[in-house]
*Asks:* 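Let me begin by handing over the structure; questions about it come next.
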Amino acid sequence: MRKYALMAMGMFAFLSCARENPCIDAFCWDVQTAGMAQEESDIKGETDLDGFLSEIERFPWYDQAVLAERNPTLSPTVSVTDLKTDRSVFISVGLAGSRKVGYWVGYIYPVQKRFLGIDRLFRRVEMYETERMDRIIPIVKAFFGRDDQELRRRLAPLSPYLRVKESGGWSAYMDKKQQIVKQIK
């Protein structure tokens, strides 16, 4: 299951919406399904909390986990990005037994560090594991409410899986953001 999570994290880190357009106050979402190449994403466009929760409910989590197990190119993922804050939440799925799924919920956020007198901007990726979707829903609600403190409080009881600096870098993220912004305008 770890290799799927790493694939999902790497792909999602590359494929999110959001900084050169700080005036855009919108959330956008995308999906990666089993069998897609890592660099692919089905960009769905703008959404709100209710719309995104409906999509999470409709997404065929178990079926996608089974397909991904047969063809492990990536972990099926539904993600949402806040274009205003450059923060993202993603939910990925994998099999956690013969008839059970496990989820990774990821939170990606910008971090600024000073190195040798130069400010550097990068994105931090934190991933957590859970077998219960009902633990993810409050995280999504806090995300849409832009309540970082509540989001972190909801993540805290989950099992930490991974915390890393995004491998794609800020410039790759910004390139992808520009493509998405063009699509939703």
*Asks:* Is any side-chain heavy atom of V105 less than 4.5 Å from a side-chain heavy atom of L155?
*Replies:*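 Yes; the side chains approach each other to less than 4.5 Å.
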*Asks:* Salt bridge check: are R146 and D25 linked by an N-O gap of less than 4.0 Å?
*Replies:* yes
*Asks:* Excluding sequence neighbours, so at least two apart, what forms side-chain contact (heavy atoms from CB on, under 4.5 Å) with P160?
*Replies:*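 side-chain contact (heavy atoms from CB on, under 4.5 Å) check on P160 returns Y128.
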*Asks:* Quick one: does S88's side chain get under 4.5 Å of R123's, heavy atoms only?
*Replies:*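 A side-chain contact under 4.5 Å exists here.
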*Asks:* Going by the rule side chain to side chain donor-acceptor pair (under 3.5 Å), which residues pair with E55 if we only count those two or more places apart in sequence or in a different chain?
*Replies:*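 E55 satisfies side chain to side chain donor-acceptor pair (under 3.5 Å) with R58 once adjacent residues are dropped.
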*Asks:* Specify whether F144 and F27 have parallel, tilted or perpendicular ring planes, treating 30° as the upper limit for parallel and 60° as the lower limit for perpendicular.
*Replies:* tilted
*Asks:* First locate atom OH of Y103, then atom CD1 of I91, and finally report the distance between them rounded to the nearest 0.5 Å.
*Replies:*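 Here the rounded value is 9.0 Å.
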*Asks:* Output yes when a side-chain donor or acceptor of E129 lies under 3.5 Å from a complementary backbone atom of L158, and no otherwise.
*Replies:*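 No, because the side chain of E129 does not come within donor-acceptor range (under 3.5 Å) of the backbone of L158.
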*Asks:* If only atom types and distance count, is the side chain of S75 paired as donor or acceptor with the main-chain N or O of V93 below 3.5 Å?
*Replies:*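 The answer is yes, because a donor-acceptor pair under 3.5 Å joins these two groups.
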*Asks:* Just so I know, are the side chains of D148 and F143 near enough to count as touching, which here means a heavy-atom distance under 4.5 Å?
*Replies:*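 D148 vs F143: side chains apart.
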*Asks:* Look at the side chain of Q64 and the backbone N and O of A34, then say whether any donor-acceptor pair between them is shorter than 3.5 Å.
*Replies:*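 Indeed, once roles are kept as given, a pair shorter than 3.5 Å links the two residues.
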*Asks:* Is any side-chain heavy atom of D30 less than 4.5 Å from a side-chain heavy atom of S79?
*Replies:*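 Counting from C-beta outward, D30 and S79 do come under 4.5 Å.
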*Asks:* Please tell me whether L67 and W104 are part of a single hydrophobic cluster in this structure, the criterion being side-chain heavy atoms less than 4.5 Å apart.
*Replies:* no
*Asks:* Starting from the C-alpha separation in whole Å, work towards a yes-or-no answer on side-chain contact (heavy atoms from CB on, under 4.5 Å) for E150 and R154.
*Replies:* CA-CA 6 Å; E150 177 66 10; R154 295 294 184 157; 2.8 Å; yes
